Trainee: 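Sharing a structure here in structure tokens format.
Below, read A as the first sequence line, B as the second, and so on, with proteins coming before strands; counting in each chain starts at 1. Just so it is clear, the model here is predicted, and its values are computed rather than measured.
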Amino acid sequence: MTAVQNPGKSYYVSTPIYYVNDRPHLGHAYTTVAGDVLTRWHRQRGERVWYLTGTDEHGQKIMRTAEANGVSPQEWCDKLVEEAWKPLWEHLEIANDDFIRTTEDRHTARVQEFVQDLYDKGEIYQGGYEGPYCVGCEEYKAPGELLDGEGEFAGQKICAIHKKPVEMLKEENYFFKLSEYGPKLLELYAANPDFIQPESARNEVVRFVEQGLQDLSISRSTFDWGVQIPWDPKHVIYVWVDALLNYATAVGYGSDQEKFESTFPADVHLVGKDILRFHAVIWPAMLMANGLPLPKRVVANGWLMVGGEKMSKSNLTGIAPQDLTEHFGVDAYRYYFLRAIPFGTDGSFSWEDFSARYTSELANDFGNLASRVAAMVGKYFDGVLPEAKASGPAEEALAAGLAKAVAESDDKIGEKLDFAGGIAAIFEFVKQVNGYLTEQEPWKVAKDESPEGQARLATILYAAAESLRGVAVLLNAVMPRVSGLLWDSLGAEPVLGALADQRIGEAGTWGTLPAGVTVTKGEILFPRLEEKK
RNA sequence: GGCGGCGUAGCUCAGCUGGUCAGAGCGGGGAUCUCAUAAGUCCCAGGUCGGAGGUUCGAGUCCUCCCGCCGCCA
């Protein structure tokens with residue numbers, strides 16, 4: 001990690017600028033939840049944070065989809081954004097600071113300025129182009145990467161990704177001198193090995209750039225759903241150039257310099273593997289061309305495999321996030337994908353695995369722990385958390401376990417974006433607390449009515465409750481609602497303040513939860529799942 | 001067609017530069033506590049490490065070929 005150069009700068013994370021051609025699916029939600037956990041974590045470190053998401057609404061594909069549905073492109077986007085995208089993020093408790101739409105004036109005006117700047121600097125020139133074009137990909141294809149059509153498309157060339165016929169297009173286009181940035185990009189990758197993650201993705205990008213870059217066609221004149229080229233309004237700006245700029249326009253580029261300087265560039269651009277190249281090649285080249293600072297990291301997450309069926313932009317499965325949250329709940333949903341699949345690698349998901357982890361990890365290990373501790377404080381101390389006056393080695397071991405969980409999860413979640421590893425560290429501690437209770441047997445100690453026995457009982461239950469306090473703080477970023485329930489159950493808020501305000505750095509400070517708080521049993525954290533389905 | 005990568009216990013996966021590397025979690029089986037969401041804790045896995053050769057004193061761990069997946073490129 002490099003030292004912070006601008007102390008007042010926000011930790012800035014973006015989701016991909018999602019193409020709003022259709023409703024969001026599991027893959028979109030996976031990336032967005034990851035970014036939400038990452039930013040919530042950094043907020044709990046006490047940092048200034050900016051979490052951006054938004055939608056890419058231009059391009060031929062959207063135009064045609066809208067046409068097919070008998071509405072204007074803008075109406076189509078409005079409907080999807082308002083009825084599907086924004087509601088899903090609310091549903092999943094995504095705490096984004098902004099939601100930018102590329103059809104908004106604050107974006108389009110700045111995009112024109114940016115492109116005009118490049119034009120004025122000689123980074124853009126006019127040229128002609130003719131070739132096979134895939135509407136699905138929104139890009140020209142090299143003849144060699146096309147497949148021969150079969151069945152209804154027999155005799156035609158089809159796109160290898162979309163399996164649909166390509167069209168021969170001829171355009172007078174404007175080109176960005178991307179080819180000149182190959183060496184600089186390779187230098188960037190070499191000087192910053194972490195710029196692209198994971199490593200497998202990085203290697204592919206490096207190899208791609210090493211083979212030599214072509215100049216990028218950045219205008220289209222065959223349709224008009226886009227941002228006009230300022231000096232030649234017959235053209236609209238290539239949708240990806242338009243879209244990528246959201247990461248700058250949304251944080252004040254060209255309009256609010258103070259905001260821009262305190263936010264830009266991004267610390268982390270989260271992307272799917274399919275759009276990695278746009279973010280790791282074109283985007284930094286665009287910024288270099290206009291003398292703007294480059295993002296710190298572009299991190300690609302892997303594919304989710306469902307029952308062996310891979311999901312992708314062009315192969316949507318029928319699974320909506322709501323199909324899962326309905327059964328498992330939002331908190332468990334947020335937890336599951338990050339816990340079960342190492343971030344950055346492809347991973348398979350199944351209903352059965354989700355169900356198994358829910359029952360074993362969330363309900364039995366974690367939820368039940370909270371339940372048994374609250375029940376005992378209620379039963380033996382009338383719900384008033386007693387003081388720990390007889391601590392010993394067992395309690396020291398617990399405190400050390402919590403400190404370790406804090407350190408490990410902070411490094412893994414907050415720095416390495418290893419959500420699975422970080423969550424595992426927290427749950428190892430949960431397991432340790434269960435083991436502690438089994439060894440200490442407070443239910444037996446409770447029968448010893450001597451002062452020593454009662455002091456020991458008080459100490460055990462205090463230690464268990466204090467452990468849960470730490471767990472609530474650490475899990476808040478991942479499962480805000482349930483962690484809040486636990487926080488309430490511990491009676492912590494009146495004395496310690498809101499859960500979201502608890503600092504990660506202090507989460508391991510043993511003895512933070514003061515004796516005397518009112519512990520209540522409260523709502524079951526993770527109810528057992530219904531047998532159905 | 002060229003180049004990554006993958007194929008390890010029922011399931012999901014760890015196994016860096018070759019010699020406790022045959023593992024973890026879950027499921028399953030057994031024991032045990034009883035505070036708790038019939039939850040907790042402890043014990044039990046003998047799987048030809050995709051297949052066939054080869055290098056080596058010794059190979060999931062290196063080489064060759066083959067089979068099956070996946071990605072990038074052409």
Trainee: I want to verify a distance call: between B:rG71, B:rU41, B:rA36, whose nearest atom is closest to the A:Thr438 side chain?
Mentor: B:rU41
Trainee: Distance between the P atoms of B:rC16 and B:rG60, in whole angstroms?
Mentor: 13 Å
Trainee: Nearest nucleotide by nearest heavy atom, which residue falls closer to the 5' end of RNA chain B, A:Ala363 or A:Gln432?
Mentor: A:Ala363
Trainee: Could you tell me whether B:rG54 is syn or anti, where syn means a glycosidic angle within 90 degrees of zero?
Mentor: anti
Trainee: Does anything in residues 373-392 of chain A form a side chain to side chain donor-acceptor pair (under 3.5 Å)? List the pairs, not counting sequence neighbours.
Mentor: none
Trainee: Suppose you measure atom P in B:rU12 against the same atom in B:rA74; what distance do you get, rounded to whole Å?
Mentor: 34 Å
Trainee: Which residues in residues 399-409 of chain A have a heavy atom closer than 4.0 Å to any atom of RNA chain B?
Mentor: none
Trainee: Please report the distance separating the P of B:rG10 from the corresponding atom of B:rU48, rounded so that it comes out in whole Å.
Mentor: 8 Å
Trainee: Any protein N or O atoms within reach of nucleotides 25-33 of chain B? Criterion: under 3.5 Å, listing atom names and distances.
Mentor:
| residue | atom | partner | partner atom | Å |
| --- | --- | --- | --- | --- |
| B:rC33 | O2' | A:Trp443 | NE1 | 3.4 |

Trainee: What residues, two or more places apart in sequence or in another chain, satisfy salt bridge (Lys or Arg N to Asp or Glu O under 4.0 Å) together with A:Lys273?
Mentor: A:Asp346
Trainee: Could you check A:Pro442 against A:Lys273 and say which one's nearest nucleotide on RNA chain B is further toward the 5' end?
Mentor: A:Pro442
Trainee: Expressed in whole Å, how much space separates the P atoms belonging to B:rG1 and B:rA59?
Mentor: 33 Å
Trainee: Give me the distance, rounded to whole Å, that separates B:rG25 from B:rA14 when you measure between the C1' atoms they each carry.
Mentor: 10 Å
Trainee: Distance check, P atoms only: B:rA24 and B:rC66, in whole angstrom units.
Mentor: 36 Å
Trainee: Taking the six-membered ring for Trp, is the centroid-to-centroid distance between A:Phe354 and A:Tyr358 below 6.0 Å?
Mentor: no
Trainee: Only pairs with both distances under 3.5 Å count, Watson-Crick or wobble alike; so what is the partner of B:rA24 in this structure?
Mentor: B:rU12
Trainee: Atom CG of A:Asp274 to atom P of B:rC70: distance rounded to whole Å?
Mentor: 17 Å
Trainee: Specify the separation, in whole Å, of atom CD of A:Glu439 and atom P of B:rC42.
Mentor: 9 Å
Trainee: Specify the separation, in whole Å, of atom CZ of A:Arg207 and atom C1' of B:rG5.
Mentor: 10 Å
Trainee: Could I get the full list of side chain to side chain contact (heavy atoms under 4.5 Å, CB included) partners for A:Glu523, not counting sequence neighbours?
Mentor: A:Arg481, A:Leu485
Trainee: A:Met376 CE to B:rA36 P: how many Å, rounded?
Mentor: 8 Å
Trainee: Among residues 450-483 of chain A, which residues get a heavy atom nearer than 4.0 Å to RNA chain B?
Mentor: none
Trainee: Distance check, C1' atoms only: B:rA45 and B:rA9, in whole angstrom units.
Mentor: 6 Å
Trainee: Apply salt bridge (Lys or Arg N to Asp or Glu O under 4.0 Å) to A:Arg456 and list each qualifying residue two or more places apart in sequence or on a separate chain.
Mentor: A:Glu395
Trainee: Between A:Phe328 and A:Trp351, is the ring centroid distance below 6.0 Å?
Mentor: yes
Trainee: Determine which nucleotide pairs with B:rA52, using a 3.5 Å limit on both distances of a Watson-Crick or G-U wobble pair.
Mentor: B:rU64
Trainee: Not counting sequence neighbours, which residues clear salt bridge (Lys or Arg N to Asp or Glu O under 4.0 Å) with A:Lys521? List them please.
Mentor: none
Trainee: Show me the donor-acceptor pairs within less than 3.5 Å that the side chains of residues 203-210 of chain A make with the rest of the protein, sequence neighbours left out.
Mentor:
| residue | atom | partner | partner atom | Å |
| --- | --- | --- | --- | --- |
| A:Asn203 | ND2 | A:Glu199 | O | 3.4 |

Trainee: Determine the Euclidean distance between corresponding P atoms of B:rC44 and B:rU61; express it in Å to zero decimal places.
Mentor: 28 Å
Trainee: Measure CG/A:Leu369 against C1'/B:rU37 and give the value in whole Å, please.
Mentor: 12 Å
Trainee: Rounded to whole Å, how long is the line connecting atom CG of A:Asn301 with atom P of B:rG71?
Mentor: 15 Å
Trainee: Which donor-acceptor pairs under 3.5 Å do the side chains of residues 404-411 of chain A make with protein atoms, sequence neighbours left out?
Mentor:
| residue | atom | partner | partner atom | Å |
| --- | --- | --- | --- | --- |
| A:Ser409 | OG | A:Ala405 | O | 2.6 |
| A:Ser409 | OG | A:Val406 | O | 3.2 |
| A:Asp410 | OD1 | A:Trp41 | NE1 | 2.7 |
| A:Asp410 | OD1 | A:Arg45 | NE | 2.9 |
| A:Asp410 | OD1 | A:Arg45 | NH2 | 3.1 |
| A:Asp411 | OD2 | A:Lys416 | NZ | 2.6 |

Trainee: Taking atom types as modelled and ignoring hydrogens, do the side chains of A:Ser467 and A:Tyr436 form a donor-acceptor contact shorter than 3.5 angstrom?
Mentor: no
Trainee: Please verify the inter-ring angle class for A:Trp283 with A:His269; under 30° counts as parallel, over 60° as perpendicular, anything in between as tilted.
Mentor: perpendicular
Trainee: Rounded to the nearest angstrom, tell me the gap between atom CZ in A:Phe354 and atom P in B:rU12.
Mentor: 18 Å
Trainee: Quick check on B:rG29: syn or anti? Syn means the glycosidic torsion is within 90 degrees of zero.
Mentor: anti
Trainee: Pairs in or reaching into residues 422-435 of chain A: which pass side chain to side chain donor-acceptor pair (under 3.5 Å), with residues at least two apart or in two chains?
Mentor: A:Arg372-A:Asn434
Trainee: Starting at CD1 of A:Ile524 and ending at C1' of B:rC35, how long is that distance when rounded to a whole Å?
Mentor: 14 Å
Trainee: Output all residues satisfying salt bridge (Lys or Arg N to Asp or Glu O under 4.0 Å) with A:Glu361, sequence neighbours left out; order by chain, then residue number.
Mentor: A:Arg339, A:Arg357
